[in-house]
Structures are given as C-alpha cells and as structure tokens.
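Encoded as structure tokens, the structure appears first; notes follow it.
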Amino acid sequence: MSFDGKVGLVTGGGSGLGEAAAKLLAARGGKIVVADANEASAERVSAEIRASGGQATAIACDISKLSDVERLVPFAVNAFGRFDMAFNVAGITPKQVDTHLIDPSDWLRVIEVNLTGTFYCM
C-alpha cells in the first residue's frame, strides 16, 4: 500500500510500535510527524527517516496533556501543508511487579496516558 503524499501523525513514534509504524509509513511515501513524550527519541526517529530518504519531523508531546495534543494537527499542517491520518500508538506500562505491589500513582499515570491520552488524540 502506498502513502505517497499523505501526511501521517504517529504518537509514541519515538520507540517500539510507534517507531516501526512511523518508519513503515515513511518507507511507503508518507510524510511523517513523529510525536513522543521523549523529544530526543522523536528527533532520533525523524532523523533516521530523513537519512533513509523519507520526510519526517518531530514534536514533543505528552498525550496525557490536552494542551500538547491540541498542538499536533496544526503542527502537521504547518510542517507538510495537510493532515491525512493519525496512528495513536502512544502507551505505557507500569513497572513489572506483582499487581498488588503497583504504586497507585504509577497506575494513574498508565490510565492518564493509555486511556485519557488516547481519548484526547481521537
């Protein structure tokens, strides 16, 4: 499938599944906005896409913050002139411990990112 000329936004694009999605979309002709809470990771993936001949830019975004999410589409349009598709991949897991040992604040952060953040992106 070709994504020639399409502009895609990938949350969680700085690592894991998001990184893989960003690179695949770019390899198939997409112009990619790599969004990640870790700005350095987003920049690294964006640079790797450009080094491979693709088009990409990066933005720091914590999807649990509505103000960060509200910047994403305008950023994509400003960078590439349009916005076509979103891949809401960002997500986190709690520290790997027995369930009864998970710190409640760690669990709330998982909910903020995985549920509320994805809701904001949609």
Side-chain angles (χ1 to χ4, degrees):
M1 173 179 261
S2 172
F3 293 99
D4 285 341
K6 302 291 185 188
V7 175
L9 165 68
V10 181
T11 66
S15 64
L17 292 174
E19 178 177 353
K23 289 178 175 179
L24 178 63
L25 292 167
R28 295 195 176 176
K31 300 174 184 178
I32 307 304
V33 174
V34 180
D36 201 282
N38 183 322
E39 186 172 14
S41 294
E43 291 288 351
R44 176 189 56 77
V45 171
S46 178
E48 289 175 6
I49 290 170
R50 290 191 307 274
S52 296
Q55 295 183 58
T57 188
I59 184 172
C61 178
D62 177 345
I63 67 165
S64 73
K65 297 178 182 173
L66 183 57
S67 60
D68 277 15
V69 173
E70 289 175 331
R71 295 182 298 119
L72 293 177
V73 171
F75 181 85
V77 171
N78 187 55
F80 295 118
R82 60 189 287 167
F83 176 75
D84 299 296
M85 54 190 165
F87 292 80
N88 299 311
V89 183
I92 61 171
T93 58
K95 295 173 188 163
Q96 297 298 311
V97 297
D98 291 338
T99 302
H100 70 283
L101 298 175
I102 295 173
D103 184 288
S105 64
D106 290 340
W107 178 248
L108 288 175
R109 180 70 182 144
V110 170
I111 297 300
E112 288 172 348
V113 173
N114 296 2
L115 297 180
T116 303
T118 301
F119 169 77
Y120 290 159
C121 290
M122 295 305 290

Pairs under 3.5 angstrom only: tabulate donor-acceptor contacts from the side chains of residues 114-122 to other protein residues two or more places apart or in another chain.
| residue | atom | partner | partner atom | Å |
| --- | --- | --- | --- | --- |
| Asn114 | OD1 | Ile92 | N | 2.8 |
| Asn114 | ND2 | Ile92 | O | 2.8 |
| Thr118 | OG1 | Asn114 | O | 2.9 |

Practice item. Could you tell me which residues satisfy salt bridge (charged side-chain N to carboxylate O under 4.0 Å, His left out) with Arg71, sequence neighbours excluded, listed by chain and number? Key: Asp68
Revision key, fill the gap. For Gly91 and Val113 the tightest heavy-atom approach is CA-CG1, 4.1 Å
Point to revise | Residues forming a side chain to side chain contact (heavy atoms under 4.5 Å, CB included) with Asp103, sequence neighbours excluded | key: Ser105, Asp106
Point to revise | Pairs involving residues 73-89, ordered by first then second residue, that meet salt bridge (charged side-chain N to carboxylate O under 4.0 Å, His left out) (sequence neighbours left out) | key: Arg82-Asp84
Point to revise | Partner set under side chain to side chain contact (heavy atoms under 4.5 Å, CB included) for Asp98, not counting sequence neighbours | key: His100, Leu101
Check your understanding: Ile49, Ile59: one ILVMFWY side-chain cluster at the under-4.5 Å cut-off?
Key -> no
**Study point:** Ala42 versus Asp36, closest heavy-atom pair with distance
**Key:** CB-CB, 3.9 Å
Practice item. Keeping to residues at least two apart or across chains, list the salt bridge (charged side-chain N to carboxylate O under 4.0 Å, His left out) pairs with something in residues 110-122. Key: Arg109-Glu112
Point to revise | Partner residues of Val77 under the side chain to side chain contact (heavy atoms under 4.5 Å, CB included) criterion, sequence neighbours left out | key: Val73, Phe83
Study note, to complete from the structure: Residues pairing under side-chain hydrogen bond (donor to acceptor under 3.5 Å, both in side chains) where one sits in residues 38-50, two or more places apart or in two chains, turn out to be Glu19-Arg44, Lys23-Glu48, Asn38-Ser41, Arg44-Glu48, Ser46-Arg50
Review point. Can you list every side-chain hydrogen bond (donor to acceptor under 3.5 Å, both in side chains) pair that touches residues 85-97, not counting sequence neighbours?
Key: none
Point to revise | Same apolar cluster (I L V M F W Y, side chains within < 4.5 Å links), Met85/Met1 | key: yes
Practice item. Return the set of residues passing side-chain hydrogen bond (donor to acceptor under 3.5 Å, both in side chains) with Thr99 (not counting sequence neighbours), or none when no residue passes. Key: none
**Study point:** Set of side chain to side chain contact (heavy atoms under 4.5 Å, CB included) partners for Glu70, sequence neighbours left out
**Key:** Leu66
Practice item. Look at the side-chain heavy atoms of Ile, Leu, Val, Met, Phe, Trp and Tyr, link any pair under 4.5 Å apart, and say whether Leu25 and Phe75 land in one connected group. Key: no
Review point. Does Val34 share a hydrophobic cluster with Phe87, counting links as ILVMFWY side-chain heavy atoms below 4.5 Å and allowing steps through other members?
Key: yes
Result block: side-chain N/O donor-acceptor pairs under 3.5 angstrom for residues 5-17, not counting sequence neighbours:
| residue | atom | partner | partner atom | Å |
| --- | --- | --- | --- | --- |
| Thr11 | OG1 | Val89 | N | 3.0 |
| Thr11 | OG1 | Ala90 | N | 3.2 |

